[in-house]
Amino acid sequence: MPDHSDPRLAGLTAAAHAVQPRTVALRRRLHRNPELGLELPMTRTAVLDELADLPLKVHTGRSCSSVTAVLEGDKPGPTVLLRADMDALPLTERTGLAFTSEIDGVMHACGHDTHVAMLASAARLLADRRELLAGRVLLMFQPGEEGDHGARHMIEEGLLEPSGPAGTPDSAYALHISATMPTGTVQTRPGPIMASADVLRVTVRGRGGHASAPHDALDPVPSAAAMVGALQTMLTRRVTALEPAVLTVAQIRAGTTSNVIPDTAYLEATLRTLTEPTRTFLHEQVRQVCQHTAAAYGCTASVFLEPGYPITVNDAAASARVDELAATVLGPNRVSPMTSPILGSEDFSYVLNRVPGALAFLGGCPPHLDPDHAAPNHSNRVQFDEAAMVDGVAMYAALALDALR
C-alpha cells in the first residue's frame, strides 16, 4: 500500500481518479487530431480550453505553438517546472482504437497526447491545493520534441530567464510514458538517462562514367561502402567498450540506373553518445575516417555533422526524489530499477542542462499485452493504457507539492 505519511500527498491518487474522465477526454481529443512539429494550432487550442477555468497566468509562444502557465502558491518560495511535450509523428495509425487519428499520415505514436492530458489534470489538482504551495508551478506545454528542438525554442523565448513567465526555475521534471513497461510503474536513474543524437551526412565525390568501364571513371560507391565498415571498426577500436556509443548508417544512396557509374554517393547516419568528451572525440574521428577512406579510393568526402539533442542528464538528488515520491504515492512495488540509460534522445535535455531536475518513465503497457512483446513507442500499432494516466497525474502533482513545501 502507498505510504502517505506526508499529509500533503494524501488523496492525490483519489483526486487523479476523480478527474480521470477529463484526462481521458483531453487525451482522446488530441489523439484524434495529432499535429507535427512546432506549429500545433489544434493542440494549443485544446490545451487552452482545458486550462481556461483554472487560476493560471497563461502565455503562448511567438516562434512556435507553445503554452506556458504559471500557478502561484499561497506562500512565496521557489519555482518548479513540469513539462509535457505535445507533437505527434508522421505515421499512419494501425491500432484500431475507436478514437484513432483522423489526420492522414499523422499519429500520436509516442504518447505525447497522454503527457499533455496528465499535466493539464495535474494543474487542476494543484490549483485545488494552492494553500499547500510555497512558490509557483511553471507548466511547460512544448511542441516540436520529435526532432524540432521545441524546448530550445521556448528557452530562446525566455522560458528559463529571471524575466520569464515564472522566473528561473529551481527544479524541473518531466514524465514520459512507455508502452513496454508494466502500467503504472515508474523508472528513472541519476546521471545520463538518454543520449545525444547527432546526424552525420557524407557526400562522396568521384567521377561518373559507363558501368562497363569503371577504370575510366572514379566510382564513389566502393568508397561509400567501405566507409560504412570503417566507421563501425572505428567505433569498436577507438572507444572503450565500457562507454556506450552508437553509430548507425541508416541511409546510403547513389546512382540512377544499372549501367551508369554516378558522380556521387551519399550516406546519412545517427551518432549517439552518453558523455560530452566521447561525443566530441567521435565528431573528430568520424570526419577523419570518412575523408581518409574516400582518399584511399581516390575520391573526396564532404562531411557534415548536425548537432542534435544534448545528452539528457538527471540530477542525482532529483531522480532519487522521483523514486521516493513514486514509492510514497503509488506504492513501493511501482518503483522499477533502471540500470542502464536509453540511447534514444530527448529535448528535455535542454532544460536539464540549465535546471537541476529529472526525466522519468511511466509504464503504460495495456494489461492485456505482454510488455516484452508489446508494440513500442514510435510504432504505428502502439497502444497505451489510459489507467496509467491516473498515476501520471498524481506523480506530476506530487513532484510540485514536494518541491514547494
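Between the CG atom in Leu38 and the CG atom in Asp87 there is a gap of 8.0 Å [rounded to 0.5 Å]. In this structure, Leu274 CG and Arg272 CZ are separated by 10.5 Å, a value rounded to the nearest 0.5 Å. Asp74 CG to Leu404 CG: the interatomic distance, rounded to the nearest 0.5 Å, is 12.0 Å. With rounding to the nearest 0.5 Å, the separation of CZ in Phe304 from SG in Cys290 is 14.0 Å. Atom OG1 of residue Thr236 and atom CG of residue Leu231 lie 11.0 Å apart, to the nearest 0.5 angstrom. Considering CD1 of Ile311 and OG of Ser345, their distance stands at 11.0 Å, rounded to 0.5 Å.
A salt bridge is defined here as a Lys NZ or Arg NE, NH1 or NH2 lying under 4.0 Å from an Asp or Glu carboxylate O, and Asp263 with Arg207 fails to meet this definition. We find that Glu145 and Arg83 are not joined by a salt bridge, their nearest charged nitrogen and carboxylate oxygen being 4.0 Å or further apart. At a threshold of 4.0 Å, the pair Arg22-Glu50 counts as salt-bridged, since one of the basic side-chain nitrogens sits closer than that to a carboxylate oxygen. A salt bridge links Glu161 to Arg354: one of the charged nitrogens lies within less than 4.0 Å of a carboxylate oxygen. Ionic pairing of Glu386 and Arg28 is present here: one or more N-O contacts between side-chain nitrogen and carboxylate oxygen are shorter than 4.0 angstrom. A salt bridge links Arg29 with Asp49: at least one charged nitrogen is closer than 4.0 Å to a carboxylate oxygen.
With contacts defined as side-chain heavy-atom distances shorter than 4.5 Å, the pair Val303/Arg201 does not qualify. Using a 4.5 Å heavy-atom cutoff, the side chains of Arg32 and Glu102 are in contact. Looking only at side-chain heavy atoms (C-beta outward), Thr114 and Met118 come within less than 4.5 Å of each other. Using a 4.5 Å heavy-atom cutoff, the side chains of Leu399 and Asp402 are not in contact. Counting heavy atoms from C-beta outward, Leu282 and Met234 have side chains that approach closer than 4.5 Å. Considering only heavy atoms from C-beta on, Leu343 stays 4.5 Å or farther from Met194 through its side chain. Side-chain atoms of Glu72 and Leu56, non-hydrogen and from C-beta on, never get closer than 4.5 Å to each other. No side-chain heavy atom of Val246 sits less than 4.5 Å from a side-chain heavy atom of Leu235.
Between Phe361 and His176, the ring-plane angle classifies as tilted under the 30° and 60° cut-offs.
Residue Lys57 places its NZ atom among 12 or fewer non-hydrogen atoms of other residues, nucleotides or ligands, all under 6.0 Å distant. Asp53 CG: more than 12 foreign heavy atoms inside a 6.0 Å radius.
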Should Glu346 and Thr312 be marked as a side-chain hydrogen bond (donor to acceptor under 3.5 Å, both in side chains) after you check the CA-CA gap, both sets of side-chain angles, and the distance that decides it? CA-CA 7 Å; Glu346 164 62 71; Thr312 304; over 6 Å; no
Derivation and outcome, side-chain hydrogen bond (donor to acceptor under 3.5 Å, both in side chains), residues His31 and Glu93: CA-CA 10 Å; His31 196 88; Glu93 184 163 355; 2.9 Å; yes
For Val106 and Glu35, run side-chain contact (heavy atoms from CB on, under 4.5 Å): C-alpha distance rounded to whole Å, both residues' side-chain angles, the deciding distance at 0.1 Å, then the answer. CA-CA 7 Å; Val106 186; Glu35 296 175 291; 5.8 Å; no
Output, in order, the C-alpha distance, side-chain angles, deciding distance and verdict of side-chain contact (heavy atoms from CB on, under 4.5 Å) for Leu175 and Met395. CA-CA 9 Å; Leu175 297 178; Met395 279 300 299; 4.0 Å; yes
For the pair Asp315 and Leu352, evaluate side-chain contact (heavy atoms from CB on, under 4.5 Å) and give the outcome as yes or no after the intermediate values. CA-CA 8 Å; Asp315 176 77; Leu352 294 182; over 6 Å; no
Before giving the answer on side-chain contact (heavy atoms from CB on, under 4.5 Å), spell out for Ile193 and Val313 the whole-Å C-alpha distance, their side-chain angles and the decisive distance to 0.1 Å. CA-CA 6 Å; Ile193 187 171; Val313 181; over 6 Å; no
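Using a 3.5 Å distance cut-off with no hydrogens or angles, the side chains of Gln142 and His153 do not pair a donor with an acceptor. No side-chain N or O of Thr95 forms a donor-acceptor pair with one of Gln383 less than 3.5 Å apart. There is a side-chain donor-acceptor pair under 3.5 Å between Thr273 and Ser196. For the residue pair Ser319 and Asn314, no side-chain donor N or O sits within less than 3.5 Å of a side-chain acceptor on the partner. For the residue pair Arg205 / Thr300, no side-chain donor-acceptor distance below 3.5 Å is found, with atom types taken as modelled. Between the side chains of Ser63 and Glu157, at least one donor N or O sits under 3.5 Å from an acceptor N or O. Between His149 and Asp347, the side chains place no donor N or O within less than 3.5 Å of an acceptor N or O (distance only, hydrogens not considered).
The shortest heavy-atom contact between Val335 and Ala326 is CG2-CB, 3.8 Å. Summarising the geometry of Leu138 relative to Thr68, their closest heavy-atom pair is CD1-CB, 4.3 Å, with the distance given to 0.1 Å. Residues Pro220 and Gly206 approach most closely at CB-N, 4.1 Å, considering heavy atoms. Across Tyr350 and Tyr309, no two heavy atoms sit closer than the pair CE1-CD2, 3.8 Å. Contact record, Ala388 with Leu362: O-CD2, 3.6 Å, taken as the closest heavy-atom pair. Closest approach of Ser171 and Ala403 over heavy atoms only: OG-CB, 4.0 Å.
A donor-acceptor contact shorter than 3.5 Å is absent between the side chain of Ser379 and the backbone of Ala375. Proximity of a side-chain donor or acceptor of Asp391 to a complementary backbone N or O of Thr183 within less than 3.5 Å is not detected. In this structure, Arg334 contributes its side chain and Gly184 its backbone to a donor-acceptor pair below 3.5 Å. Side-chain N or O atoms of Asp370 include one that pairs as donor or acceptor with a backbone N or O of Asp372 at under 3.5 Å. A donor-acceptor pair under 3.5 Å is absent between the side-chain atoms of Arg130 and the main chain of Ala127, judged by distance alone. Between the side chain of Thr270 and the backbone N or O of Thr248 there is no donor-acceptor pair closer than 3.5 Å. With Asp170 contributing its side chain and Thr79 its backbone, the two residues share a donor-acceptor pair below 3.5 Å. A side-chain donor-acceptor contact under 3.5 Å links Thr185 to the backbone of Pro182. Side-chain N or O atoms of Arg129 include one that pairs as donor or acceptor with a backbone N or O of Leu125 at under 3.5 Å. Checking side-chain atoms of Arg253 against main-chain N and O of Leu267 turns up no donor-acceptor pair under 3.5 Å.
Here the options are Thr43, Leu51, Leu48, the test is side chain to side chain contact (heavy atoms under 4.5 Å, CB included), and the partner is Phe141; only Leu51 passes.
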